[in-house]
Amino acid sequence: MAETTYVEAIRTGIWEEMERDESVFVMGEDVGIYGGAFKVTKGMVEHFGERRVVDTPLSESAIVGAGTGAAINGLRPILEMQFADFMACGFDQITNFAAKCRYRWGQAIPMVIRAPAGGNIHGGPFHSQNVEMPYVHTPGLKVVQPATSYDAKGLIKASIRDNDPVIFLEHKYLYRSVKEDLPDTDFTVPLGKSRIQRDGSDISIITYGWMVHVALEAAERLAENGISIEVLDLRTLMPLDRESILRTAKKTSKIILLHEDTLTGGLGGELAGIIAEHAFDYLDGPLVRIAAPDTPVPFSEPLEKAFLPSTDEVVNKAQWLYRF
Amino acid sequence: MAETTYVEAIRTGIWEEMERDESVFVMGEDVGIYGGAFKVTKGMVEHFGERRVVDTPLSESAIVGAGTGAAINGLRPILEMQFADFMACGFDQITNFAAKCRYRWGQAIPMVIRAPAGGNIHGGPFHSQNVEMPYVHTPGLKVVQPATSYDAKGLIKASIRDNDPVIFLEHKYLYRSVKEDLPDTDFTVPLGKSRIQRDGSDISIITYGWMVHVALEAAERLAENGISIEVLDLRTLMPLDRESILRTAKKTSKIILLHEDTLTGGLGGELAGIIAEHAFDYLDGPLVRIAAPDTPVPFSEPLEKAFLPSTDEVVNKAQWLYRF
Amino acid sequence: MSAPAVAELRLAVDRELCESCLYYMLLMRELEERIELKLYRQGKIQGGCYTGRGQEAIPVGSALHSRPGDWLTPSHRDMAALLIRGIEPREILAQYMGRATGLTHGRDGNMHMGCARRHCVPIISSIGASIPVAGGLAFAMQYRGEDNVVFNYTGDGASSRGDWHEGLNMAAVMNLPIVYLCNNNLYAYSTPLDKQMKIHDIADRVSAYGIPSEIVDGNDVLAIYGASERAVAHVRSGNGPYFIECKTFRMSGHSAHDPADYVPEELRAQWLRKDPILSLQKRMVEEFGADEQVFVDTRKKVLEEIDEAVNWALAQPYPDPATVEDNVYESI
Amino acid sequence: MSAPAVAELRLAVDRELCESCLYYMLLMRELEERIELKLYRQGKIQGGCYTGRGQEAIPVGSALHSRPGDWLTPSHRDMAALLIRGIEPREILAQYMGRATGLTHGRDGNMHMGCARRHCVPIISSIGASIPVAGGLAFAMQYRGEDNVVFNYTGDGASSRGDWHEGLNMAAVMNLPIVYLCNNNLYAYSTPLDKQMKIHDIADRVSAYGIPSEIVDGNDVLAIYGASERAVAHVRSGNGPYFIECKTFRMSGHSAHDPADYVPEELRAQWLRKDPILSLQKRMVEEFGADEQVFVDTRKKVLEEIDEAVNWALAQPYPDPATVEDNVYESI
Ligand SMILES: Cc1ncc(C[n+]2csc(CCOP(=O)(O)OP(=O)(O)O)c2C)c(N)n1
Ligand SMILES: Cc1ncc(C[n+]2csc(CCOP(=O)(O)OP(=O)(O)O)c2C)c(N)n1
Ligand SMILES: [Mg+2]
Ligand SMILES: [Mg+2]
């Protein structure tokens, strides 16, 4: 599959799993004839029929609750939230019921909740949020965010096959801004495994989602200054790939924790906690966090630009850390 | 007010503010004649009437939405959630609407959402959770959890007077297990200010809520081994008292981050992030996190005991860190 | 006495049906009384203590219609539904005592119990949340073309929750096979119905979704049995959901720590006279001259079962603290 | 033309009322067209682009009844409600262009606008969430013994959300002063009404709360004006909430990027014939022989206003990036 966009990678990943396994179905608002707000389910209702591609009423909590019930009774639901921000409307069903079924009564919930997340599209406070943390923080849930088309396809397939509830966060800015050649084989990308996106020796940038690309851009520029950056793309946020996180931390000894999400309570803190506890002796400088400031996501371009972590900021902080 | 319990401190704090300010009112499930599931509003409907002590239908989202609307229109609502766990049902109203009003349109939301949180009462997965993190992570919200009767009273009063939405987490195990003499004056405890609960020099334990007492117990035992522990009680979790956090970190250079909440995505990570970035040069050992494991809160006593951080665990880890 | 096969039961004042109902109602009543009035006071129960005293007719009259492929989502007042599904008193007692062999292995709190194998979803504590979940269970039945149904149980208070609305609406739109049993016991904790809603009957609320409903005397097990039979017939034949409102009363406080002072004395007295177990017994005497001795014997039988179950449960081990982190994920 | 004082308006085919309605409907129509069909395509608008084309009668016929102390919670199809409250086209344009002088100072996305001073809650993006918020605004009015009311606006899709249910129920129980205006435009995004609910009229859903309701032609501004007058009279005198379902149609896609292929051609054609602005003009001609010239003049006037507002807005500064962290808290 030559030059596959991120959105197309997810779409074909779902498609293949639906072909492979009759118990997989898609449910959400406008996923049928409309093909979803971002067209991830385009063409599916025509191919698989209304039985397996189900338009719902405007009811996020019922969608999640029903998905969970269907999973209990033997199906493998893929739920689409129109925007990740509105998952908040199903928060109780996700965190209090779906997440706890296995622990409470040994009941597997093989369910994927897909949600377009993230900013840089002038979506403003309600259509740009990065919502991973409440789910990362809920035992029983897995949380995934791909940065590339390859991972998007491999991770959605692995998530669908997983027997735990997976929150699958799609970065909406990446939908159509990244592409790559994909193998024609039936590949998956295992959950819980990060990936070195660039090998380096001076500083590690640990990140995920859109910020992987920002980190790679910064790394390119820093290479010109003779600073060698390693970029670790987490891919799965829960469970975290602690081993690889500690490996890169011990390797470079200087770490930048980068995310698009706001700073306080963001994943950067968790990563800092892991590293400052388990790789403390290897550190040659402060753990530097780069994240959005603690505000809602602003709408207007100059504000959003100031809000989102930028390549410049990464370059500057990396230079500072390099000299530390 | 001699020997005032934590629950009584909150009750009288609310009572005084309702006497002082006609725009303050209480709303929630069973807060009227029943006085609330934990009796925090006992006697209020008799004294203030049904106009100001409002029993609602079983509708958490409507309670929060209505509270926010009332705050917009000039009142100062105090909303009771019967258990912190069920705040999840009002998650969208809290995080997407109430939290963002000031940023979006300059609208103050002087509202307090009170919720009994925490375990050690054999409440199981739905009645024991520590829910602070999603709210700490939402810009626009303040988050408070008192550990003592003095703070409970002073902080609830300050929260009611605050012009931002405050999530006020009451530890239900502390309701009746702590008491102290309170001054008869109209005192408040400012939001955003932590408190040194015990002065020490070897190790700092940064914590909040019930764990303050666990830390103090551990400190007592460690003192017998000649290890001097400083205990910093955060009191407010958002905004964090960064200055005091960094001060104690720089003072002792060895830090334990302790919370009852589960580890991954808990506040300990955020604290580690702050310290490992801004006090890195002062650290003489790894940042040690002690927290509950990443599971739902189990019900049965032996499981819950294994789940909750204990004095023993703190003592052991502190001894290890002391020797580091 | 073992439960007669459901298929053999016919609606009518059928002796065998009555005996079966009486058995399960008594078993629930006595088991809950043992838990609340004895074991709880002895400190043998962990956590709070909720019972369905006075509401036994609802789970019994309905769940007797369930088939193995059906699913049930009981509320915290429906212990008899679990018993009818074959969950044993000793498993329930071990659950309440937080033992390793309880239904949730000590993971969840006493009445928050259920069992995947017996198709009972453990009570979802967030009131109302079971309604969308029932929808999903039913969706899977429809997806596979089965004629199984879901029995969903909630209270009056649940009808104020957003999930209740979203779930009923979705079930109606998708024509899902669900029988809803609503126990309208006039209170949600301390909140009386008139603070919960402005209308009088929850059944009236259901017409907002285009779901057929009926109102029955929730203390009359035979009435519930009859309504459930109609409902199940409707639902199994693919006609979509059906809602039964059972007018009843909580003969206890909300839980063991609630004296329920907020309930007017006359109201309580009036309802105590309608105890569903006594009513059934009276009916049995009237309709086919049932012998008082049968009641005494049934009760004795039930108490013996319970004694045995209590002894078993008390001897059960507590969960091993070393297992505290198990079973959060399949693999990680 | 300035808006005539609301108090002077009487229901009937009153010339002045009609002119006022026409003015606001045209102003909304032309302003939105300028935004969507011109400025958006020119890349001058930030974010997506939603209009209320074809639904102008609803905010106009209702908001004209609002008094300064009232509050409004408009939806994303109700721009005219803001205009009637005194929010100026140039403020709206600056908002859509993400300028510092827009209503949210560039903080929130184009149609997510409102203004505390003019008692308009900025659109709450989570569909349905405005219903409980309206309850709280109304609660404060009742608390202080005012006779102000809240005008709440939502669509058909919103009626599936849990918040809708919780909020309406609470308003009914507490007898809160709210006029609900529901624009039933047959679609929620691409989802047609029959996938949204099994019943036909949202008004039927409202009886579930004991709230009186009526159904009006949502494309007939005078009908809405009349219904709103009845509603406001009911609500202001302390009789609790009142619900108006306005049958209408979205004459555009869900937003600028939606061609709305999913709408059957006949349905669209049928509704295009009912354009509320043309209908009003026809009525004005029939009832009091209004001169075509008036319409031409009004439109010209409106377009001039818009030209001026566009020029103003285009000259406005963007927000200073240095302010990005301001105004999250009062103090911290
Ligand atoms: C969402 C939610 N809010 C609050 C509670 C606390 N709570 C438990 S039972 C109950 C009352 C339920 O009333 P009803 O639905 O009538 O059932 P009943 O107990 O009367 O059978 C409440 C408020 C809860 N469990 N879930
Ligand atoms: C809770 C929530 N879910 C999804 C969305 C995305 N969304 C925005 S408008 C809309 C359709 C709303 O339909 P309706 O209420 O009928 O209003 P209309 O747009 O037709 O006026 C959807 C699904 C949202 N804003 N909020
Ligand atoms: Mg009840
Ligand atoms: Mg609509």
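From a predicted model like this one, the values you see are computed outputs, not experimental measurements. Worth knowing before you read on, the calculation uses all heavy atoms, side chains too, and leaves out hydrogens, waters and symmetry mates. The chains referred to below are lettered A, B, ... by the order of the sequence lines, with proteins before strands, and numbering in each begins at 1.
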Examine whether an atom of C:Asp326 lies under 4.5 Å from a heavy atom of chain B, and if so say whether it belongs to the side chain, the backbone or both; otherwise answer neither.
-> neither
Heavy-atom pairs under 4.5 Å with chain C, option from B:Gly124, B:Pro293, B:Pro298, B:Pro125 with the top count | B:Pro125
Identify the residues of residues 59-66 of chain B whose heavy atoms come closer than 4.5 Å to a heavy atom of chain C, ordered by number, or report 'none'.
-> B:Ser59, B:Glu60
Heavy-atom distances under 4.5 Å only: say whether C:Asn327 touches chain B with side chain, backbone, both or neither.
-> neither
Structural part of B:Ser128 lying under 4.5 Å from a heavy atom of chain C | neither
Closest contact, heavy atoms only, C:Ser160 versus B:Pro57 | OG-CB, 3.6 Å
Smallest heavy-atom separation, C:Val328 atom then B:Pro296 atom, equals CG2-CD, 4.3 Å
Residues of residues 77-87 of chain B with any heavy atom under 4.5 Å of a heavy atom in chain C = B:Gln82, B:Phe86
Could you tell me which residues in residues 189-198 of chain C have at least one non-hydrogen atom under 4.5 Å from a non-hydrogen atom of chain B, sorted by residue number?
-> C:Tyr189, C:Ser190, C:Thr191, C:Lys195, C:Gln196
Identify the residues of residues 37-54 of chain B whose heavy atoms come closer than 4.5 Å to a heavy atom of chain C, ordered by number, or report 'none'.
-> B:Ala37, B:Glu50
Taking the side chain as every heavy atom from C-beta outward, state whether B:Leu303 and C:Thr323 have any atom pair closer than 4.5 Å.
-> yes
Top contributor to chain B interface from C:Gly157, C:Ala322, C:Gly162, C:Gly128 [non-hydrogen pairs under 4.5 Å] | C:Gly157
C:Gln46 vs B:Phe299 side-chain heavy atoms within contact, under 4.5 Å | yes
Measure the CD1-SG distance between C:Ile127 and B:Cys89 for me, rounded to the nearest 0.5 Å.
-> 10.0 Å
Per-residue tally against chain B (heavy atom, under 4.5 Å) across C:Pro321, C:Ala188, C:Gly48, C:Ser159 peaks at C:Pro321
Enter the distance from B:Asp30:CG to C:Tyr262:OH here, rounded to the nearest 0.5 Å.
-> 7.5 Å
Is any side-chain heavy atom of C:His112 less than 4.5 Å from a side-chain heavy atom of B:His127?
-> yes
Which atom names give the shortest non-hydrogen contact between B:Phe126 and C:Ile123, and what distance separates them?
-> CE1-O, 4.2 Å
